[in-house]
Each structure stands twice: as structure tokens, then as C-alpha cells.
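For the single chain, residues carry numbers from 1 onward in sequence order. Small disclaimer: the values here were computed from a predicted structure and weren't measured.
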Amino acid sequence: MKGANMGKRVALGICMVAALASTAYGAHVWAAHSGTSFWMMWIVIACLFMVAGLAVWFGWWKALPKVVRRVCAVVLCTGLICFGAVEGWVISGMRAAGEPGLDYVIVLGAQVHKTRPSLVLQYRLDKAIDYLESNPNTICIVSGGKGANEPFPEAQGMAEYLERHGIAASRIIRESKSEDTRQNIANSRRLMTKRNASIGIITSDFHVARAMQIARDQGLANAQGIASGSPGDMLVNNMLREFFAELKYLVKR
């Protein structure tokens, strides 16, 4: 009995610490003004940890019928396997570099502020600058519309950033109507005048795998991913967000 109580205390303590950590991280993501409400997922996760801890402490789990516990265990294990598979796939695209001399590179948009791009977008734009400086014949398409929390279309802010950093306006094409990655790629493709062009897609490392999946589904079988860096403190959040984004994409596919 004493050992059982100790086990309950340990399990409850672990769950409460995990809940506090999830809440703190969610607050950090919220404070970063990432432009999405995904920070709330960390509050949901915190609540799940709390419920799990209380379930162990008060014996709710053991009170469930055995068949229900088995079904819950199977669902949980299946979910963890799917999560691991998707995250492994996401990681596989995080070092994509792309070949030199591509005809076009598409820079996928992210949130812009009044005087600067968001940090995620800045990483993408800096990668574009590096590529364009090394490949002077490549044309850059900056793609992104105006969100409800943005002062102007993302493409505008992206083009202005590139021009301030020495990229000639004649090498930049603005695509300012897209609202998501699918539209980014489809709308950018329509702006390409060269037939059978070679294409690179510049986006955050955690986003490359899904961006390339969308490109292939739109017929760009030869498109190449070019991964930019991303803020390290937001990587866990972005990786988790990609998991749910991929599930959503597969459902709508």
C-alpha cells in the first residue's frame, strides 16, 4: 500500500510538472506574437496532463472497465506512432538545400509587422538573399497575402526587405493574394513565364516537407526545397503545429 501511494505521488508530481511546463511554454509562444492562436494547444496539453495526474491519484483509470482501458491504450499508442512518423518525415526535409542556378525561387510568406518581417519570415528572406546573391539569374517570387492582423500584404513587406538588402526590384515578382501554402504555390506558378522552369521553394526548415508535398500534388514534381533556419525557442511549437497541419491537409486532400 505504501509503495502504491508513493507511485501515485510520483505520477501526480510528474503530470503536474509537465502541466506547468506546458502552460509556461504556451505563455512564451503567446508572448512571441507568432500570428496564430496555436499557443492555446499548450494550455490544452497542460489540462490533459492535469487530468491524467488526477486520474491516477483518485483511481479513475483503474475504475474504468478493462475493455475501455485497452481501447484507450491502443488509441494512445497508435497516436504516438503516427506522431513519430510525421515528425520523422518533417525532420527529413529540414536540411534541404536546393541546386544552384534555378530559374525561380518562391519564398513562402509569414506574418509581417508594420516596420519589419516576423522573425520566421526574416529567416526565410535571409536565405533567399543568400541564394539570389549566389545565383544572379534566378528570379524570386515573394508570395503572401494580407492577413487580418497584418498592416499590408506579406509580399509587399517581403519585397521591400529584399530590396533594402540589395536585391534588384527587377528580379522580384510579388504574389499578394495567397492565404495558405497551397495558394502560395498555385498562384506563384501562374506568374512564371518560362516554360519547364526549374523551381526552388524557400521556407522554414520545419515546413519544407509539407510544402514539397503540396508542390508535388500540384504537379511540380521537380520542385526543390530550400530550408531556412527558424527560431530555436519556437521549434517545438512549430513541429507540433506541423503535425496537426499535416493531418488537416490529408483530410482535405
Side-chain angles (χ1 to χ4, degrees), residues 5-61 72-73 75-95 108-127 147-151 154 180-181 203-211 227-249:
N5 287 336
M6 179 59 70
K8 285 184 177 182
R9 290 192 184 97
V10 171
L12 179 62
I14 291 173
C15 288
M16 293 302 107
V17 169
L20 288 172
S22 295
T23 301
Y25 189 64
H28 174 72
V29 174
W30 171 79
H33 302 290
S34 62
T36 75
S37 58
F38 193 77
W39 63 271
M40 296 176 66
M41 178 58 69
W42 294 101
I43 307 304
V44 173
I45 292 172
C47 291
L48 292 176
F49 275 123
M50 292 177 66
V51 170
L54 294 174
V56 172
W57 182 255
F58 291 109
W60 300 340
W61 174 252
C72 290
V75 170
L76 178 61
C77 290
T78 302
L80 290 174
I81 292 170
C82 290
F83 180 77
V86 171
E87 293 302 324
W89 171 70
V90 170
I91 291 170
S92 71
M94 293 180 73
R95 293 186 177 275
L108 303 186
Q111 188 180 27
V112 292
H113 305 299
K114 188 174 182 179
T115 58
R116 58 181 175 80
S118 62
L119 189 54
V120 167
L121 184 55
Q122 183 176 330
Y123 274 100
R124 298 180 187 182
L125 293 170
D126 288 343
K127 174 60 74 171
N149 59 348
E150 295 175 310
E154 293 167 1
D180 56 28
T181 304
T203 188
S204 303
D205 47 12
F206 60 83
H207 187 232
V208 170
R210 189 160 58 88
S228 73
S230 61
D233 61 335
M234 297 291 287
L235 186 59
V236 174
N237 178 73
N238 290 328
M239 294 284 284
L240 181 62
R241 186 166 174 254
E242 277 301 296
F243 172 73
F244 289 105
E246 175 62 14
L247 294 184
K248 180 180 178 181
Y249 180 73

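Shown here for Leu54 and Leu12, the closest heavy-atom pair between the two residues is N-CD1, 4.2 Å. Closest heavy-atom contact between Val120 and Pro231: CG2-CD, 3.8 Å. Across Val56 and Lys8, no two heavy atoms sit closer than the pair O-CE, 3.7 Å. Here the shortest heavy-atom pairing between Met50 and Ala19 reads CG-CB, 3.5 Å. In plain terms, the two heavy atoms of Phe49 and Cys15 that are nearest each other are O-CB, 3.3 Å. Considering all non-hydrogen atoms of both residues, Asp233 and Tyr25 come closest at O-OH, 2.8 Å.
Using modelled atom types, one side-chain atom of Glu150 and one backbone atom of Val112 make a donor-acceptor pair closer than 3.5 Å. The backbone N or O of Ser228 lies less than 3.5 Å from no partner atom in the side chain of Arg124, so there is not a single donor-acceptor pair.
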Report, one line per pair, each donor and acceptor closer than 3.5 Å where one atom sits in a side chain of residues 239-248; sequence neighbours left out.
unit_1 : atom_1 : unit_2 : atom_2 : d
Glu242 : OE1    : Arg210 : NE     : 2.9
Glu242 : OE2    : Arg210 : NH2    : 2.9
Glu246 : OE2    : Gln213 : NE2    : 3.0

Pair up each side-chain donor or acceptor in residues 35-43 with any protein partner under 3.5 Å, not counting sequence neighbours, and list the distances.
unit_1 : atom_1 : unit_2 : atom_2 : d
Thr36  : OG1    : Phe38  : N      : 3.3
Trp42  : NE1    : Asn237 : OD1    : 2.8

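Side-chain atoms of Ser230 and His207 form no donor-acceptor pair, as typed in the model, at a separation below 3.5 Å.
To the nearest 0.5 angstrom, Gln122 atom CD is 14.0 Å from Lys127 atom NZ. Distance check: Ile91 CD1 to Glu87 CD gives 6.5 Å after rounding to the nearest 0.5 Å.
Cys72 is listed as a side-chain neighbour of Trp61, based on a closest heavy-atom distance under 4.5 Å. Annotation: side chain of Asn238 is not in contact with side chain of Ser204 (no heavy-atom distance under 4.5 Å). Residues Met94 and Val208 form no side-chain contact, since every pair of their non-hydrogen atoms from C-beta on lies 4.5 Å or further apart.
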